[in-house]
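Just so you know, residue 1 is the first one in the sequence shown, and it goes up from there.
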Amino acid sequence: MALRRLRPGQEPAERLRRRSEPGRLPVRRECDSFVAWKIYENTGGRQYTQTGGPGGTPTDYRTYSVDINGGNPGMGPDAKDWATNATRYNSSFWVDQTPTPGAVAQWNANSGGMAGFGHVAYVDKVNPDGSIVVENFNLTGHGEYSVNTFSTKSPTVVGNLTFYWPSNFVHINQFH
């Protein structure tokens, strides 16, 4: 089953707003699981379902995405760990402060307005003025999908919360 590509302002497919179900990619409605799904979608994952048991993790998931859990290798256990663990996870990944479409915007713990777990988001677009448009889940801590613009020049306000430019950008070779 092919996954629908999200565009800024579009809601993700209904299956992403629900809890995991058999035959579907596991989704916890957290920022890291959403970004792992975006990596999977954009690197050629085909959503082949797992055989021989419940869970619904596609058989090609390890080929086309990243392990969001802790340990070695693993990008997590939290979003704050992605920049630190990226090059250990895969030597073709790199981390810098330059956004590119398809990169992972990453906020360290307690920085940029984020909580102690940090945050990750998918960079959808880099605008001519240098601002970025990101897709993400759980920015405000309520498990919802959102599209937000971040600028180096001014904070991003969502409701009564204020967020700032990401700490790092994690570049995943095959993701571009």
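To the nearest 0.5 Å, atoms CZ (Arg88) and CZ (Phe93) are separated by 13.0 Å. Remark: Lys38 NZ to Asn136 CG distance equals 11.5 Å, nearest 0.5 Å. A distance of 9.5 Å separates OG1 in Thr152 from CD1 in Ile132, rounded to the nearest 0.5 Å. Note: Ile39 CD1 to Ile172 CD1 = 3.5 Å, rounded to the nearest 0.5 Å. Distance OG/Ser167 to NE2/His119: 11.5 Å, rounded to 0.5 Å.
In terms of the ring-ring contact (aromatic ring centres under 6.0 Å, His included) criterion, Phe117 has no residue partners (sequence neighbours excluded). Contacts of Thr149 classified as side-chain contact (heavy atoms from CB on, under 4.5 Å), with partners at least two apart in sequence or in another chain: Asn127, Ser131, Val133. For Asn110, there are no side-chain hydrogen bond (donor to acceptor under 3.5 Å, both in side chains) partners, not counting sequence neighbours.
What you find for Pro77 and Asp81 is that their closest heavy atoms are CD-OD2, 3.1 Å. Looking at every heavy atom in both residues, Val170 comes nearest to Ala86 through CG1-CB, 3.7 Å. Annotation for Lys80 and Gly116: closest pair CD-O, 3.2 Å, computed over non-hydrogen atoms. Here the shortest heavy-atom pairing between Trp165 and Ser151 reads CE3-C, 3.6 Å. Here the shortest heavy-atom pairing between His171 and Asp96 reads NE2-OD1, 2.7 Å. Nearest heavy-atom pair across Gly112 and Trp107 is CA-CD1, 4.1 Å.
Contact of the Phe150 side chain with the Val134 side chain is registered, since non-hydrogen atoms from C-beta on lie closer than 4.5 Å. Taking the side chain as every heavy atom from C-beta outward, Val158 and Leu139 approach each other to under 4.5 Å. Looking at Phe163 and Met114, their side chains come closer than 4.5 Å, going by heavy atoms from C-beta outward. For the pair Pro101/Val126, a side-chain contact is recorded, criterion being any heavy-atom separation below 4.5 Å from C-beta on. Taking 4.5 Å as the limit, every side-chain heavy atom of Asp32 sits out of range of all side-chain heavy atoms of Met75.
Judged purely by atom type and a 3.5 angstrom limit, Glu135 has no side-chain atom pairing as donor or acceptor with the backbone of Val123. Within the 3.5 Å criterion, the main-chain N or O of Gly76 finds a donor-acceptor partner in the side chain of Asn85.
Test Phe34, Trp37, Tyr122 against Tyr145 for ring pair (Phe, Tyr, Trp, His ring centres under 6.0 Å) and you get one pass: Phe34.
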Check against side-chain hydrogen bond (donor to acceptor under 3.5 Å, both in side chains), Gln97 and Asn168: CA-CA 5 Å; Gln97 280 64 55; Asn168 300 290; 2.7 Å; yes
